[in-house]
Amino acid sequence: MDRANFYDEVYQVVRLIPKGRVTSYGAIAEYQGTKGSSRMVGYAMGACGGIQPPVPAHRVVNRVGLLSGKFHFGGGTMEQLLASEGIKVKDNQVQNFRELFWNPSTELAL
DNA sequence: TACTTGACAAAAG
DNA sequence: CCTTTTGCCAAGT
């Protein structure tokens, strides 16, 4: 893959996340072959503002299902969007995260 | 070209 | 179980 646009790669995967599902930064990073760049995934999310089509960054959480970036998204918006997709969020954490978890390396890998 | 930063992750104390 | 430390990589300055 051409990682000239590392961010773009991340955005593409994030857009592929099924509605009502969530994934982790590390999972995306691992799918891209750069497990160590899990931080970059989140960093990329920070730059997702204003891009087209919109990136469902609200479906991306940390490894424990914690909405680590809800404050960056717009405090409250993230939970609202997740709730709209049927995802239960309690104390900034996705409930039943383990079942809702969508691993691109497994679901998307061919 | 070098140093700093970051919406993370896993291990150790 | 909670806090602290280390690793990791890319982008910005």
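Numbered from 1 within each chain, the chains take letters A, B, ... in sequence-line order. This structure is a prediction, so every number in the text was calculated from the model and none was measured.
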Length of the line joining A:Phe71:CZ and B:dC8:P, which is rounded to integer Å: 12 Å
Ignoring hydrogens and angles, does a donor from either the side chain of A:Ser38 or the base of B:dC8 sit under 3.5 Å from an acceptor on the other? yes
Under 4.0 Å between any heavy atoms, over every strand shown, what does A:Ala57 touch: base, sugar-phosphate, or nothing? Just pick one. base
Without swapping roles, check the side chain of A:Thr77 against the backbone of A:Phe73 for a donor-acceptor pair under 3.5 Å. no
Nucleotide C:dG7, atom P - distance to OH of A:Tyr25 in whole Å: 24 Å
Rounded to whole Å, how long is the line connecting atom CZ of A:Phe97 with atom P of B:dC8? 13 Å
Nearest-nucleotide 5' precedence on DNA chain C, A:Gly36 against A:Tyr7: A:Gly36
Just call it for A:Gly46: base, sugar-phosphate, or nothing, with non-hydrogen atoms closer than 4.0 Å on any strand. base
Against the side chain of A:Arg39, the closest entry in B:dG6, B:dA7, B:dA10 is B:dG6
Find the distance A:Phe73:CZ to B:dA7:C1' and express it as a whole number of Å. 11 Å
For atom CG of A:Leu66 and atom P of B:dC8, their distance in whole Å: 9 Å
Can you tell me how far P of B:dA7 sits from CD1 of A:Ile51, to the nearest Å? 17 Å
Charged N-O contact under 4.0 Å between A:Glu107 and A:Arg21: no
Could you tell me if the side chain of A:Val10 sits less than 4.5 Å from the side chain of A:Gln32, heavy atoms only? yes
Mark yes when over 12 heavy atoms from residues, nucleotides or ligands other than A:Gln95 sit less than 6.0 Å from its CD; otherwise mark no. yes
Integer-rounded Å distance: B:dC8 P and A:Leu67 CG: 11 Å
Would you call A:Asn103 and A:Thr23 a side-chain contact if the rule is heavy atoms closer than 4.5 Å? no
Quick note, A:Tyr43 side chain, CB onward, closest among C:dA10, B:dA7, C:dA11 is C:dA11
Kindly point out which of B:dA9, C:dA11, B:dA7 is positioned nearest to the side chain of A:Arg63? B:dA9
Nearest to side-chain heavy atoms of A:Met40, which nucleotide of C:dC9, C:dG12, B:dA7: C:dC9
Report the distance from atom CD of A:Glu30 to atom C1' of C:dG7, rounded to the nearest whole Å. 15 Å
